[in-house]
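Structure first, commentary second.
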Amino acid sequence: ETLSEHSCSQTMAHQEALPGAALVCAPVAATSDKVALPARLLDATMQAAIERKDDMGPLLLCVSALPPRAGKLACVYGGILEFTQADDTALMPTWMCDALGVAAGDRVDVSPCRLPQAESVSLRPRTTAIAAHRDPRAALEGGLSAYAALTMGSTIAIRAEGGPLELDVAAIDPAPAACVINTDVIVDLLPPLDDEGRVVLPATDQQLDAVFEKESVVSATADRYTHVRCQLPAGVSCTWAVEAVNGDVEVYVSRGTRAPAPEDHDFTCNRGEYYHSAAVAFPSGSGGWYSLGVRAYGGERCDVRCRVFPDTPAAAAAEPAPPAAGVARCATCGEAVPAVHAARHEAFCARNNTRCPACSKVHRKTDLHWHCPSCAFVCSQQPAADKHTALFHTPRPCPCGVELDLAALVAHRATACPDRIILCRFCENQCRAGPACRDYGDISKGITTEHESVCGARTQRCLHCGRPVRLKEMAAHRDAHLLAMRQRAGASDEDRSAAWAAAFPDGSTGPEPGMPSQPAPPAQPAPRQTATEYEEALNRAIADSIATHTAQEAARPLCCNEQCVNVAENNFFSACNDCAKKASGANPAAPADALARGLVAIYFQQLSQGCGQTGCANAFCATGKPPLDKATLLAEAVRLGRAAFATPRELHLCVRPEMQAQAASVRLLSGLGFDRPLCAMALRATQGDAERAAGWLLAYPGSA
């Protein structure tokens, strides 16, 4: 069956029940198939749809040219947008007009109809742009959601990052035109073809795997990135050095094997002047695969040498020794010179050199020494300063319309851009994030987008109690049931019997089967309670059981280390055993003065070298933070050491990332008015889920 025959049969099948109209075409650029109709057709269309006795799915539109154009489609199917147009005007997408061969002012016939549900669709992109898309599946899912029907032989346009994507509808099953609303469709993406019918292959970026500590030579161009992947060993701080042989380079690095880009990367040059070369330093603990993207900067092409090597531990800078007899120290450069030549040296040095007040570096007055006013970058060449300003501090446009510098753009694209693609936790579809969530209650649950806020408002019946519960509250609701079952299972037979007797003094056995098990009824049972009465009494018994079995644990203090939420033990620091062992070093039984010296040394190493854990949240750790001078670090280490011996004791030692995440959740929950030990207990009861822990705290009787 051809498309023309199918279109005619569909139109004739519904001509008697659904009215048609000859309208004037008004094209509009759109990435959907919705048509806006005159207001006068609303009543007739709705009445005809209501009078139909069979239900064949959503009401669609069949649009055909008057008269039909040679070499064009006989008709195209779409959906109804609204009934707001002036009389005899139909606002149609541009791609639909092109498929019919009509222009503005031409007349078209618009007839409501219904189509079968689509089962499979084959789409062929017009260009290779979709191959370079970060997530083609998300682009197709989000773009096709704006369509109500597809017509074989038409060319549709979907919205995606970087602009609309044009797709040819090559095949549809089970008919040449089908509805794509409320149905699961198998989408087959075909390769694009050129004018002669040959498959067009995308111009992919060059990609190769590098070997650790081995040099790789690649060619980089200005129009696309060359990707180099390398696996870094765990527990070793490394540097990825990139040197341009005959030009300049622009580099970005991402974790894993995903291709980095200026708006989506994890690292960029963070060492050196970033001119004709680049160095990306990784802290220890950053093992795994990393992908580097490099392209020519300021030229068409350049050859690049890449090498990943472990860092050599830097020796601690020694304090300058006091000058010996007959030796003086220059006030400008700080060098030790013979006293007999000191006056001449200082005069020459003061005339030719200067000391930077920001970094204390000595340089010649004729040389450039530039500090970026927006970050900590320092360079001694004007081209390097210009490149840094262009790459890092020149506003870049985002598809959503805002313009930000590089660092802000990366954060914006990852967390705040309404055009970013997210995986909805409720419908499990990849979709456009859309506007930010404005409901403070949903924000406290970790919902950040309006889509998830609306999608999570749908209800689902709880399998345990049968109540309709909103999806975004289902986790806390199920946890309440789980906590109740744990409390009943953890109590002794005497405690359960006592709680049951307190809840049901008349000896009733509760509602019909399907509810939780209960002790055997007495010999003379009273009439059964209703389900509502039983549930209220059971909730009171659960609350009393929770208060009895958790009050003692909630009163136990936590470890004095602010990054830890373990229960404190009886030791010198009033910390948990792990933190106390870390603070006391190899000799936990040493005197207090020895413990103090050892703790200051531990803090100094933590402040100067860091713990090496990626994303460490400890404010008193050097990992991921700019280095400070030795005197400042030593003073800070002494201050932290004194705090550990004060009352109350206070530690700031690095712990595992998962423990730091729990400590952050405890701080968040305690900010709502709950005690820290109770918050930590709630996190332990909910396996570290802060949202469910908040529900646990609200249900806890002693939280009020």
Side-chain angles (χ1 to χ4, degrees), residues 411 414-416 418 420-431 433-487 539 542-543 546-547 549-550 553-554 558 562-567 615 617 655-704:
T415 60
R420 73 187 188 278
I421 302 301
I422 63 170
L423 178 64
C424 178
R425 70 182 76 179
F426 303 115
C427 64
E428 298 183 355
N429 288 328
Q430 289 181 320
C431 57
C437 177
R438 299 181 180 180
D439 190 314
Y440 291 104
D442 291 346
I443 294 175
S444 65
K445 298 181 179 69
I447 298 175
T448 58
T449 63
E450 184 177 345
H451 170 84
E452 289 189 333
S453 179
V454 175
C455 189
R458 296 181 291 115
T459 59
Q460 182 179 6
R461 290 196 174 274
C462 175
L463 299 178
H464 183 77
C465 63
R467 288 182 174 181
V469 182
R470 292 194 295 180
L471 294 178
K472 53 189 174 184
E473 298 172 355
M474 184 64 74
H477 180 82
R478 290 176 178 173
D479 188 66
H481 288 302
L482 179 61
L483 182 62
M485 290 187 290
R486 285 180 177 175
Q487 292 294 335
N539 287 339
I542 290 173
I546 293 174
H549 290 280
T550 61
E553 183 178 357
L558 297 184
E562 69 163 3
Q563 301 294 324
C564 179
V565 294
N566 288 331
V567 177
V655 295
R656 302 186 310 274
E658 54 269 21
M659 181 63 71
Q660 291 183 356
Q662 292 187 26
S665 299
V666 167
R667 288 192 292 271
L668 176 64
L669 295 173
S670 61
L672 302 177
F674 301 105
D675 295 333
R676 291 184 72 250
L678 187 63
C679 297
M681 186 175 64
L683 285 173
R684 289 194 294 270
T686 57
Q687 289 78 45
D689 191 328
E691 179 181 348
R692 296 168 59 197
W696 190 97
L697 290 169
L698 294 174
Y700 180 65
S703 63

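Computation of the quantities below employed the complete heavy-atom set of this structure, encompassing side-chain atoms and omitting hydrogens, waters and symmetry-equivalent molecules.
Residue Leu471 holds its CG atom at 7.5 Å from OG1 of Thr459, rounded to the nearest 0.5 Å. A distance of 10.0 Å separates SG of Cys455 from NZ of Lys472, quoted to the nearest 0.5 Å. Note that CZ of Phe426 is 11.5 Å distant from CD of Gln460, once rounded to the nearest 0.5 Å. To the nearest 0.5 Å, the span separating CD on Gln662 from CZ on Arg667 amounts to 12.0 Å. Atom CD in Glu691 sits 11.5 Å away from atom OG in Ser665 (nearest 0.5 Å). Rounded to the nearest 0.5 angstrom, Arg676 CZ and Met681 CE are separated by 14.0 Å.
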For this session: Take Ile422 and Thr449, measure what side chain to side chain contact (heavy atoms under 4.5 Å, CB included) needs, and give me the verdict at the end.
Result: CA-CA 9 Å; Ile422 63 170; Thr449 63; 3.7 Å; yes
Problem set entry | Worked check of side chain to side chain contact (heavy atoms under 4.5 Å, CB included) between Asn566 and Met659 | CA-CA 9 Å; Asn566 288 331; Met659 181 63 71; 3.5 Å; yes
For this session: Could you check Asp442 against Ser453 for side-chain hydrogen bond (donor to acceptor under 3.5 Å, both in side chains), going step by step and ending with a plain yes or no?
Result: CA-CA 7 Å; Asp442 291 346; Ser453 179; 2.5 Å; yes
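The only option from Pro418, Cys437, Cys427, Pro435 that meets the side chain to side chain contact (heavy atoms under 4.5 Å, CB included) definition with His451 turns out to be Cys427.
In this structure the side chain of Lys445 reaches within 4.5 angstrom of the side chain of Glu473, judged on heavy atoms. Using a 4.5 Å cut-off on side-chain heavy atoms (C-beta onward), Arg684 and Val565 make no contact.
Contact record, Pro468 with Arg461: CD-NH1, 3.6 Å, taken as the closest heavy-atom pair. Minimum heavy-atom separation, Cys679 to Val666: CB-CG1, 4.2 Å. Scanning both residues, Leu669 and Ala690, for their nearest heavy atoms gives CD2-O, 4.1 Å.
Looking at Asp439, its side chain does come within 3.5 Å of a backbone N or O of Gly441 through a donor-acceptor pair. Formation of a donor-acceptor pair under 3.5 Å by the Arg420 side chain with backbone atoms of Thr415 is found in this model.
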